[in-house]
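Take a look at the structure below.
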Amino acid sequence: MEPKRYPRQLSRGANNAAIALSETEVGKLFSDDTRSDIGSEAEKMRFANEVNGLVVKFLRLETNEALSADMLVMERIYPIDFRAYEVEMREIWFDVFADELRALHAAGFVHRDLLRPSNLPGDGYDNILLTQQGLRLIDVGISVLQRQVGESFFRAYVQQELEELELFRVFFLGR
């Protein structure tokens with residue numbers, strides 16, 4: 001069965017759809033049958049936003065009664081195709097991205113979804129978007145905070161993410 005399509009839908013992940021609310025805001029929908037936790041995702045997004053601007057900015061939680069769904073409202077970002085830019089410019093964007101990602105790690109946050117698993121629909125790096133402000137991360141649904149998982153799990157997640165970061169570097173600079 002095909003998943004429900006919402007008015008003004010922008011995208012759909014494994015568990016949730018994102019809809020355009022305005023030119024500046026997007027709502028990630030959380031319906032009764034979702035496996036995602038809106039409060040946990042909001043907490044992780046707020047945490048990352050306090051460290052730097054790499055993760056899409058959290059705005060608020062609200063209910064959309066017309067769609068019978070709770071929403072995590074965040075800034076709307078407009079991705080651009082990185083292939084339109086010279087490799088030298090992409091190298092700068094990548095270096096800034098890597099530095100900001102490492103700063104998130106040092107603060108106790110790991111995204112955990114740079115590279116989409118091959119068994120899920122979508123492109124491999126759907127959660128990394130190039131914008132006018134540089135590379136940005138979206139969808140912190142499976143992200144973790146170090147205080148929630150402890151040191152050993154966190155270190156393992158960071159190691160995996162650094163490996164994915166290297167794969168992304170090859171992809172981003174090599175296309």
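Quick note: residue numbers are just sequence positions, from 1.
- Between Arg112 and Ile142 the shortest heavy-atom distance is NH1-O, 3.1 Å.
- Salt-bridge check for Arg147 with Glu43: passed, with a basic side-chain N closer than 4.0 Å to an acidic carboxylate O.
- With contacts defined as side-chain heavy-atom distances shorter than 4.5 Å, the pair Tyr85/Ile80 qualifies.
- Aromatic pair Phe97/Phe172: ring centres not closer than 6.0 Å.
- Residue Val26 comes nearest to Ala18 through the heavy atom pair CG1-CB, 3.9 Å, listed as atom of the first residue, atom of the second, then distance.
- Between Leu54 and Leu101, the shortest heavy-atom contact is CD2-N, 3.7 Å.
- Relative to the six-membered ring of Phe82, Arg90 misses at least one condition, a distance below 6.0 Å or an angle of at most 45° to the axis.
- Contact check for Glu163 versus Gln160: side-chain heavy atoms found under the 4.5 Å cut-off.
- In this structure, Val55 and Ala48 approach most closely via the heavy-atom pair CG2-CB, 3.7 Å.
- A salt bridge is absent between Lys44 and Glu41: the closest approach of a Lys/Arg side-chain nitrogen to an acidic carboxylate oxygen does not fall below 4.0 angstrom.
- Here the closest heavy-atom approach between residue His111 and residue Val140 is recorded as CD2-CG1, 4.1 Å.
- The aromatic rings of Phe47 and Phe109 lie parallel to each other, their planes meeting at an angle below 30°, with 60° marking the opposite boundary.
- Between Phe153 and Tyr157, the ring planes are parallel. Angles under 30° get that label, and only those over 60° would be called perpendicular.
- Lys4 and Arg12 get closest at one heavy-atom pair: O-NH2, 2.6 Å.
- Heavy atoms from other residues, nucleotides or ligands lying under 6.0 Å from CD of Glu65 number 12 at most.
- Glu161 and His105 share a donor-acceptor pair across their side chains, judged by distance under 3.5 Å alone.
- The environment of Phe171 atom CZ is dense: over 12 non-hydrogen atoms of other residues, nucleotides or ligands sit within 6.0 angstrom.
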